[in-house]
Structures are given as structure tokens and as C-alpha cells.
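Order of the sequence lines sets the chain letters (A, B, ...), proteins ahead of strands, with each chain counted from 1.
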Amino acid sequence: MNRFIGFIKKEFYHILRDRRSLFILFGMPIVQVMLFGFAITNEINNVDIAILDHSKDVNTKEIINKIATSKYFSIKGFIDHEDEIESTFKKGKIKAVLNFEKDFSKNLVTQKKATVQIVTDATDPNTANTISNYVGSILKNYQQELNQGLNLPYQIVPKTRMVFNPELKSVYMFVPGVMTIILMLVSAMMTSISITKEKELGTMEILLVSPLNPIQVIVGKVVPYILLSIINAAVIILLSIFVFKMPVQGSLFLLGAESTLFIVNALSLGILISTISSTQQTAMMISLMGLMLPVILLSGFIFPISSMPLPLQLISNIIPAKWFIMILKGIMLKGVGLAYVWKETLILIGMTIFFIVLSVKKYKIRLE
Amino acid sequence: MNIIRYIIQKEFKQIFRNKAMLPIIFVLPLIQLIILSNAATFEVKNIKFAYVDNDNTSFSRGLVEKFEASSYFNVVSQFPSEKLASKAMLQGKVDVILEIPSYFEKQLLKNKKADLSVIINAIDGAAAGVENVYINQIVQQFNEKAQVELFLFNNLGNQPQDIETIPSFWYNETLNYKTFMVPGILVLLVTMITLFLSGMNIVREKEIGTLEQINVTPIKKHQFIIGKLFPFLVLGMVLLTVGLIISKLLFHIPIVGSLSLMYLYTIIYILVILGMGLFISNFTDTQQQAMFIAWFFMVIFILMSGLFTPIESMPQWAQLLTEFNPIKYFVQVMRMVMLKGAGLSDIYPQVIKTLVFAIAMNTLAVISYKKTS
């Protein structure tokens, strides 16, 4: 046992002496959570638009005013001709042009109908569609003001309640995701690298002929990273609670236990990667290229899984991050207990066991 | 010149001899391009919809049918009470609950107004906003139809004024999300591969000890650096080419603009990334450190690049920071040239900025590289 403790100590020294890695290890989560909390949002606002007003009358002025005061748009210019739309779009700044037809007010009064064309740069379809919807609803409101007095009876009014995130803050959505990414990559990448490093430098041989048995070597390698990852998880949770006022509705204890489970899962994945790669470079490329994008894209972190094509929805099931994000959202935002997330928990446990069994099978005690 | 050629030869041999790395360099990125481009969509569809119908008249069923007919909603089930429906939402089985109150139809007839209650799971705030818009649209359509049909409502004479909006989506009429994402993900893959490989390359020689052997040879600094970086430039260009072919043949992404402009820009861009990789490897002692630092900047650059989330929505200070993000410019250029056919005059600012980065990064990298330790 003493030997084993000595070995763990050695690992800790390795990590603590490498100041640069350590700095990133702890700086990364803080920077990311801050970025997601303060800078990155998938909402759409401040879109630059231009106006092409063929009639320049009272109504179009009023509409332009309404649009200028909304937080979604900022009017960045007026153009005089349809031909200019193309060149404006090509410069890339302006995302939409509102094209008011000629004699807008006149048509509105005499024919009871006037037209606005919303030309959007749909290279970004999401923004284009949202702009179109927002302009549409601003115009609808304006139209209702025009038609005041003509109030239509028999109104059905939907009363909407946004639950779990009433202010629609995107940080609520991102914190669980950021935490998952960091834990996954730090744990999987760091362990796989530190084990393959010994292989590449030839020191693995020394460890294998030492009185420590192979299991102790691996466990000793992993223990420091478990501790570091737990600290990371705690930092992220504290940041989200105190800086972003994100509620943790459920039990903190359960949150901690589930996080530890996920960390162990990621570490066992790291061990598995290290058993199949012989150089650090390979290990890193597998854990970075193979894990980073799938964890960002297929876990429901940024993009909703339910909108993906069916084969991808199926693939997403084998990504541990997906299940952990579901657990995190459940505990932090919905405030549910184990009764609601036992299925996800069991899946994570199953995956962990699978990774461990597989790595034990692949683990070579002898070097070729 | 000969010396550089030999170094390049050596590097290529090393790349091609490492059988474990080859698929990671060439196959993995392309598989990711194919798979992930399908995953990256902000479209909101297949919304899990449940309802509680306390009214249970043909009128209320008509409303539910509207939701069933909509392609956005997936009617999961009907619940006898709001409590049970909320429980299903806690379990994650339901995204949206519509509760129709008892005496819904009667109230509407009597009071000329009736309420519906809608509960939306808003953890994904952006999606919740879109879901709300869809629900309102459906209810409004139902409402208009009801006003005309059921209540024989007509407003002769006093016709309301109507402003009609005609949306027109340029460059991507069908609002296909892949058109937007494929060029962006291609940028990511080219960047990741070139940065990680170049960042690790020299450090690896340091760690294994072979760098010293090279340092004692008459190879000059610039020869060594050019010889080291050139293969990755080639690799990056090959990846770009294969990626472009895939986007054209598999995803049918239009390539409107000039290919040569794209390639020219990509060369400048990869020089920036290689300079960064070299710089990182000069300042680190182990591959682990190098990778970690590369990864740190990579993640920040990706998230702040406008690839997944719009830059315009960021606060002012964050937008200023993105000015120093080379990935942002590459993403912009690819989208502008590929999809809109922008010419050199349109992407002029991006080209200049990237060029400045390339010169700055490489100068720094060359200065900081020392043959002696």
C-alpha cells in the first residue's frame, strides 16, 4: 500500500510541476464558462439591416421607427435600388433588406393592402428565418394598431408559461454542456496521454517490472485526475451558481455523485484510448478529433438532438456526454431526483463498466 | 534548397509510416464532415407535444387536430390532468403541454374570449422561443377559421387594413442548414488537423531527443522551419480539396465563387495556423503541454468564430475580441465565396487581416525558435 501511495505521489508531482498544463487545466473551465455566460448566445439580436423604401411616406416611416427601436435590429443604411441588394449582401455585414413597395400608404388606404418584401441573406438559414419572423411580428403589431377600433371578437388567447428557464437565458442551456465537455476532454485526454507518454518514453517498462501490479499502475495514474476533475466540476458549478445565478433545484449531493460517475466514465474511456494507441500523438488525436466534435455536436449541447436525422439520433445514444447533459439539466434546472434520472445513470454505469472491461482485455503487460 | 527538400521528404515519410495516424489524419475528418454536418442544425422540429383536453368537445378536438397536422409537432400523448403531463415533462418525455380548459367552447361563445394554457420546457431558451411562435401561429389560424365558420362572423364594410409580408431567402431558398454548416465544419477540420499536427511536431522531436541531433547539423533555422511546416500546408490543402469535393457531390452545396480565390486565401490562412503551431511548440517542452495549449485556444477560437452562434448577438467587448480570431475570417471567407460568390474586393478586409496575422505569427515563431538550448 505504501508503494502505491508513493506512486500516486509521483503522479501528483508530475502534474503539479508542469505549471503550464496546470494553468490551462484550471483556467480552461473558468474561461469557457465566462465566455458562454457573457459572450456566446444562440439568440439573435443586433442584426444589421438596410432599408429600401420606394414610397417614403407616413406609414413606412412609422414602421422603420418601430424596427429601429427594437433590440433585434439596427438599421445600418438606406439603399435606393434593388440592384444594390446583391452587393450589400456580398460585403457580408448586412443580413436583410426591407423592401417597401411604391405608394405604400396609398395602397393601404385604397386597396386595404400593402406589401413589404423581406429579403434575407439566407446563407445562415436560422438567422434569416428568425429575422423574417421578427419583422413579421413587428408588422403584425403595427397592423393591429392601425386597425384599432375594429376589434375582432371571439379571441382565443394562449397564455404561455416558460418553465425551468422563465427568462430564456441561454447560459442555462450552456452550463451543463460546458461542464460536460471540459470533464470529458480533460479526463479522457489527460489520462490517455499520461499513460501513452510512459509507453513512448520507455518508462512504462520500468513501471511494469516494478513490484506494483499493472492494475495499481493504472489506478495510480487515474487517481490524481479524478481529484483534479472533481475540483474542476466544483469550480464550474460554483461559478454558475454565484456568477450567473443559475439555480440548482435538485440535490447537490446527487449532482456531485453523478459528476463523479461521469468523471470515472471519461477516465475509463481515456484508459481505453491509451491501450489502443502507442504514441502520445495518436492518443491525443483520437481524444481530440474523435471526442471533441462529437461531444460538442451530438450531445445536445448546442444543437437539439430531436431535430437531427434518425441515424444520428441513434448514434447520439452511444455518446456518454448526452446522458450526462440530460442528468445535469434534470438535477440543476428541473430539480428532479434519482427517481427521474435512474435510467440515464444506469446507462452511464453500464458504459463505464464496458470501457473498463474492454481496456483490461486490451491491456498488454508485456511490451512487444 | 536541397536541404529543405530532404527535410520535407523525411517529414512526409514520417507521416506516412505512422499507420495509426494516417486514418486519423485523412479519414476521421471526412467522416466527421459527413456526419456532423447533418447534426448541426438549429431548426426546431419533432417537438414532443402533449395535451390535456378538459373541454372534450368537437371544437377542442379540432384545435388538437391542428397540432397533429403540423409538421413541427409530434403529438406524444394525451394526459387526463395537467399534473400528470408535468410529470412527463420532468422525465423529459414532453416539451410542450397544451391545456384546454373546461367549458372552453362555451366560454368563447359567451365571453367572446377564451384562454388556453401552454407550458413550454424553456431550458433551451432559443428553441422555446421558436416553439412559442409556432404555437401562436397554429392557434391564430384556428382562431381565424373559427371566427368565420363557427360564429358566422363577417365584417362587411369595415375591412381591416392588411400589411402583407413576403419573405425572400437569398442564396439558400430552401433554408437548408447544411449549406451553412458544411463550409464551416470544413474550416474547423482543416484548422484542427494542421494546428494539432504542427503544434506537436517539433515538440515531439524535443521530447524524444531527436531535435538535438538536428540542431547539431548544418541545417539553418529557416530551412528547418520551412521543411517542417511545408508538409502540413500540403496536408491542409489536400483536406480542403477532398472536403470541397464531398460538399459538392454529397451535400450539393453550390460553389458559386472562384475556387482559386478560396485556395489562395486558404494558403494564407494555413500559414497563420502553422505559425501558431510552431510558436506553441517553441514554448512547450512536452507534447502534452503543446496539445493542451493548442486545445485551449482552439476551443475559444471555435466558439467565438461565428461558426455555431452569431457574432452580432455578442456584447461589444466580445465582438472586439473576435477581431483577433483567424478562424472567424476563414469561416466568413468560405461562406461568402462559396455561397454568395463574393470576389476579392468583397473579402479584401479579411484577406489583409489574415495576411497580417500570418506575417506576425511566423515572425514570432522564427524569432522564438532557438537552435541552442
Could you have a look at B:Ala39, B:Pro29, B:Ala342, B:Ala318 and say which one has the most heavy-atom pairs with chain A under 4.5 angstrom? B:Ala39

Are any non-hydrogen side-chain atoms of A:Thr123 and B:Thr179 less than 4.5 angstrom apart? no

If one checks every heavy atom of B:Lys87 against chain A at 4.5 Å, the contacting part turns out to be both

Is B:Asn74 in contact with chain A via its backbone, its side chain, both, or neither, using a 4.5 Å heavy-atom distance? neither

Going from CG on B:Asp95 to OG on A:Ser306, what distance comes out if it is rounded to the nearest 0.5 angstrom? 6.0 Å

Taking the side chain as every heavy atom from C-beta outward, state whether B:Trp170 and A:Thr120 have any atom pair closer than 4.5 Å. no

Quick one: which of A:Gln280, A:Met284, A:Gln281, A:Met190 gives a side-chain contact (heavy atoms from CB on, under 4.5 Å) with B:Met291? A:Met284

Could you tell me whether a side-chain N or O of A:Lys334 sits under 3.5 Å from a main-chain N or O of B:Met89, the two making a donor and an acceptor? yes

Hey, are the side chains of B:Phe296 and A:Leu25 touching, using non-hydrogen atoms and a 4.5 Å cut-off? no

With a 4.5 angstrom heavy-atom cut-off, could you sort out which part of B:Gln140 is near chain A: side chain, backbone, both or neither? side chain

Per-residue contact mode, B:Ile24 against chain A (heavy atom under 4.5 angstrom): side chain

Which is it for B:Val299 and A:Gln32 under the side-chain contact (heavy atoms from CB on, under 4.5 Å) test, yes or no, and what are the steps along the way? CA-CA 8 Å; B:Val299 171; A:Gln32 279 202 1; 2.5 Å; yes

Under 4.5 Å from any heavy atom of chain A - which part of B:Phe142: side chain

Determine whether B:Glu312 and A:Lys95 satisfy the following criterion, side-chain contact (heavy atoms from CB on, under 4.5 Å), listing intermediate values before the conclusion. CA-CA 10 Å; B:Glu312 304 90 61; A:Lys95 302 279 187 231; 3.7 Å; yes

Taking side chain as everything from C-beta outward and backbone as N, CA, C, O, which of these in B:Ile123 sits under 4.5 Å from a heavy atom of chain A? Side chain, backbone, both or neither. both

Determine whether B:Asn38 and A:Met308 make a side-chain contact, defined as any pair of heavy atoms from C-beta on separated by less than 4.5 Å. no

After noting the C-alpha distance and the side-chain angles of B:Ile119 and A:Phe164, does the key distance pass the side-chain contact (heavy atoms from CB on, under 4.5 Å) rule? CA-CA 10 Å; B:Ile119 302 170; A:Phe164 307 133; over 6 Å; no

Sorted by chain and residue number, the side-chain hydrogen bond (donor to acceptor under 3.5 Å, both in side chains) partners of B:Gln289 (sequence neighbours excluded) come out as A:Asp18

With a 4.5 Å limit on heavy-atom distance, are the side chains of A:Gln313 and B:Asn46 in contact? yes

Report which part of B:Ile47 has an atom under 4.5 Å of a heavy atom belonging to chain A: side chain, backbone, both, or neither. neither

Closer than 4.0 angstrom, basic N to acidic O: yes or no for B:Lys340 and A:Glu86? no

Can you confirm whether A:Lys343 sits close enough to B:Gln91 that some side-chain heavy atom of one is under 4.5 Å from a side-chain heavy atom of the other? no

Which region of B:Ile302, side chain (C-beta onward) or backbone (N, CA, C, O), has a non-hydrogen atom less than 4.5 Å from a non-hydrogen atom of chain A, or is it both or neither? side chain

Do the side chains of B:Trp295 and A:Met189 get nearer than 4.5 Å, heavy atoms only? yes

When you look at A:Leu297 and B:Gln32, which way does the side-chain contact (heavy atoms from CB on, under 4.5 Å) test go after all the steps? CA-CA 10 Å; A:Leu297 294 179; B:Gln32 295 204 335; over 6 Å; no

Going from CG on A:Leu35 to CG on B:Leu303, what distance comes out if it is rounded to the nearest 0.5 angstrom? 7.0 Å

Taking the side chain as everything from C-beta on, heavy atoms only, tell me whether B:Asp124 gets closer than 4.5 Å to A:Phe303. no

